[in-house]
Engineer: 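Mind having a look at this structure? Questions to follow.
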2 protein chains.
Amino acid sequence: MRPTVHDIAAEAGVSLATVDRVLNGRPGVRRQTVERVEKAVHRLGYIRDLTAANLARRRIYPLVFIIPSGPNSFMRVLEAEIASAMQRSPIDRTSIRIETVPPFDPDAIVRVLDAIDPKTVTGVALVATDTEEIRAAVDRLIDQGVQVATLVSDLPGSRRVHYCGIDNIAAGRTAGNLIGRFCAGRSGKVLVVAGSLKLSDHMDRASGFAAVLEAEFPDLAIVGPVETNDDADTVGQAVGAALDADPAIVAIYNLGAGNRGLIEGIAARPARRLSVVAHEVTEHSRRALADGVFDAIINQDCGHEVRSAIRVLKAHADGLDPLSDQERIRIDIFLKDNLP
Amino acid sequence: MRPTVHDIAAEAGVSLATVDRVLNGRPGVRRQTVERVEKAVHRLGYIRDLTAANLARRRIYPLVFIIPSGPNSFMRVLEAEIASAMQRSPIDRTSIRIETVPPFDPDAIVRVLDAIDPKTVTGVALVATDTEEIRAAVDRLIDQGVQVATLVSDLPGSRRVHYCGIDNIAAGRTAGNLIGRFCAGRSGKVLVVAGSLKLSDHMDRASGFAAVLEAEFPDLAIVGPVETNDDADTVGQAVGAALDADPAIVAIYNLGAGNRGLIEGIAARPARRLSVVAHEVTEHSRRALADGVFDAIINQDCGHEVRSAIRVLKAHADGLDPLSDQERIRIDIFLKDNLP
DNA sequence: GCATTCCTGATTTACGTACCTCAGGAATTG
DNA sequence: CAATTCCTGAGGTACGTAAATCAGGAATGC
């Protein structure tokens with residue numbers, strides 16, 4: 001049988017109340033007594049029963065998700081995943097609130113972060129643009145004892161406890177490798193389309209992609225990156241213009257959003273034979289893959305990201321460390337055959 | 001506040017004991033009263049607090065994993081993942097036992113299955129070969145109220161509650177698609193290496209692969225499948241012999257184990273330019289991918305499979321249904337750039 | 001020497017559920 | 001009509017932990 005606080009009390013020769021004080025770091029225990037209890041804990045291999053503890057203290061974990069508003073499909077899928085996690089709140093003792101903020105607006109994020117009450121919120125997960133003010137606001141929250149995790153795009157240099165997302169440099173490299181191989185032998189140009197190079201994830205993908213092409217596929221030259229602010233129509237126009245202007249383009253890598261526009265741009269020029277790699281499985285990209293318009297999609301499982309964020313924030317709030325294997329978000333490659 | 005049994009009792013105008021009898025399906029309650037209670041449950045949206053319930057009944061979930069013994073790297077990794085899950089047993093209230101059985105020996109599996117005591121075991125996860133006797137033994141266990149899930153390889157036609165693994169036809173198709181694209185333009189032959197075509201997963205991969213090549217890459221002809229019983233040395237010899245005998249081979253798909261042998265066979269013939277796709281990330285295959293010997297690895301995340309099996313068995317034991325999204329095992333494609 | 005503070009023990013209640021016992025009324029059986 | 005069975009209520013204890021209260025002893029300060 002697993003040892004309980006009663007066993008610890010007996011083993012250490014102290015009362016239950018003292019064990020409780022030590023275990024929960026409350027004051028009022030002499031240093032020697034603390035050590036006696038800690039030794040007993042160690043000797044018996046005591047592990048606190050978190051479920052019983054949470055029951056006794058009627059604990060719930062109030063969490064806040066901060067994500068961009070706007071039409072970006074990926075973000076809306078993310079929001080749906082959060083909503084679906086909210087339905088399980090009674091089971092996993094969470095209380096989740098979603099805050100949407102205008103995209104590309106650091107100040108709005110800072111305002112939401114600063115409005116968070118550390119007394120009533122245990123954890124925050126946010127999709128952040130990489131700016132100094134946000135970094136500072138995150139660190140302020142951390143100082144107040146709130147657990148903060150970044151979602152989808154990281155905030156390097158901040159003290160966030162965890163990043164729930166993929167390594168975007170590696171994602172860019174993966175795209176480069178795919179396009180390089182799919183173009184096997186053909187030489188020509190690759191059009192790179194991005195949302196905004198001010199987003200660290202987009203920047204990372206672009207540089208990873210460029211590095212692989214340069215090192216391993218010298219016959220392919222990069223055109224771009226073209227910036228589109230993740231707007232589908234802008235993507236469509238940019239792609240159309242580039243294709244018309246440059247017949248040497250044999251491949252397209254869209255590392256940002258706006259796949260609908262990309263698909264339309266390609267569909268309008270059926271004579272071109274192109275290798276196309278894009279990001280994120282959404283309604284549009286899924287169909288494009290099935291139809292052979294896209295050759296591969298690089299994906300991050302945002303359901304996994306949301307569930308992982310919740311687990312990680314809870315674990316940190318309890319002073320545990322999460323399972324790194326389980327929380328690592330993979331860079332999924334989907335061809336039409338392994339689409340889930 | 002979430003409603004409790006007390007609220008249900010008050011709402012239904014019955015005593016706590018009666019609510020308890022209804023909720024736990026115990027006898028001694030008139031049909032009308034049962035309905036009154038059930039209506040109250042529904043009206044208040046009562047959800048039983050599983051953690052409190054498990055605490056009260058001191059519940060643990062005794063689980064058994066049945067996996068093949070022998071040197072197969074993938075199975076050893078699987079075993080390590082189970083061992084790692086065992087370390088978390090106190091936290092997730094499981095008690096896990098591993099039973100290893102000689103590979104390719106259906107009778108041994110049946111013996112282990114039949115030796116399971118339904119009174120002391122709530123769930124079983126097994127890596128099964130697809131035979132009639134095993135199917136029957138699984139169904140016997142199900143009839144005794146034991147939850148059974150298949151792991152890695154499914155048992156279609158049995159009444160197992162869940163399959164924790166990938167769609168192997170789709171995996172084979174994915175391999176076909178990759179090899180077809182990697183060989184872009186080159187025509188020639190593809191050597192297919194399998195462990196045993198009596199394993200349904202191997203059979204499925206082979207047929208998925210063949211279907212895609214035939215439909216989409218008619219310039220590539222299949223040689224094989226060669227059967228190797230998943231033995232690395234046999235794989236090495238078979239690959240060497242095939243390459244020496246047939247200079248038209250431009251690609252290899254190893255859909256089974258024994259990657260070490262495959263790597264050796266290829267390394268001994270450095271002049272050949274080959275596209276190679278294999279399964280499962282292990283120590284050997286990881287290095288081969290990094291070194292450019294393999295072009296891609298198709299993988300199933302066996303840590304995920306094990307954790308998923310545990311979650312699913314527990315959920316079914318509690319009469320809940322698991323999150324299908326979370327429990328779906330993806331067909332991972334790894335290039336050297338997105339290797340975790 | 002007395003009050004104050006600090007440390008500790010003892011005891012109790014609570015969390016939400018399971019499960020047990022006991023008692024009594026209603027309904028059924030003979 | 002008595003005996004039996006079925007249904008229900010009341011009440012309690014337990015699970016492992018948190019947290020509160022009260023009390024008493026030791027150490028400290030003045």
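Throughout, protein chains are lettered first and strands after them, A, B, ... in sequence-line order, and every chain is numbered starting at 1.
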Engineer: Is there a side-chain contact between B:Asn24 and B:Arg57 (heavy atoms, below 4.5 Å)?
Structural biologist: yes
Engineer: Find out whether the Lys NZ or Arg CZ of A:Arg59 is both under 6.0 angstrom from the six-membered ring centre of A:Tyr61 and within 45° of the ring's axis.
Structural biologist: yes
Engineer: Would A:Arg135 and A:Asp130 pass as an ion pair if we require N to O under 4.0 Å?
Structural biologist: yes
Engineer: Decide, yes or no, whether a salt bridge links B:Asp7 with B:Arg2 under the criterion of side-chain N to carboxylate O below 4.0 Å.
Structural biologist: no
Engineer: With sequence neighbours left out, write down each residue that passes side-chain contact (heavy atoms from CB on, under 4.5 Å) with A:Glu11, or none if nothing qualifies.
Structural biologist: A:Ala40, A:Arg43, A:Leu44
Engineer: Could you tell me whether B:Glu99 and B:Arg97 have a side-chain N and a carboxylate O separated by less than 4.0 Å?
Structural biologist: yes
Engineer: Give a yes or no on whether a salt bridge exists between A:Asp139 and A:Arg160, defined as a side-chain N under 4.0 angstrom from a carboxylate O.
Structural biologist: no
Engineer: Quick one: which protein N/O atoms are closer than 3.5 Å to N/O atoms of nucleotides 22-28 of chain C? Pair and distance per line, please.
Structural biologist:
none

Engineer: Within the 4.5 Å heavy-atom criterion, are B:Arg88 and B:Thr94 side-chain neighbours or not?
Structural biologist: no
Engineer: Just how far, in rounded Å, is P of C:dT17 from CD1 of A:Ile91?
Structural biologist: 13 Å
Engineer: Between protein and nucleotides 13-18 of chain D, map the contacts as a letter string: B base, S sugar-phosphate only, - none, heavy atoms under 4.0 Å, written 5' to 3'.
Structural biologist: --BBBB
Engineer: Please state whether the phosphate of C:dG9, meaning OP1 or OP2, lies under 4.0 angstrom from any side-chain nitrogen or oxygen of A:Thr18.
Structural biologist: yes
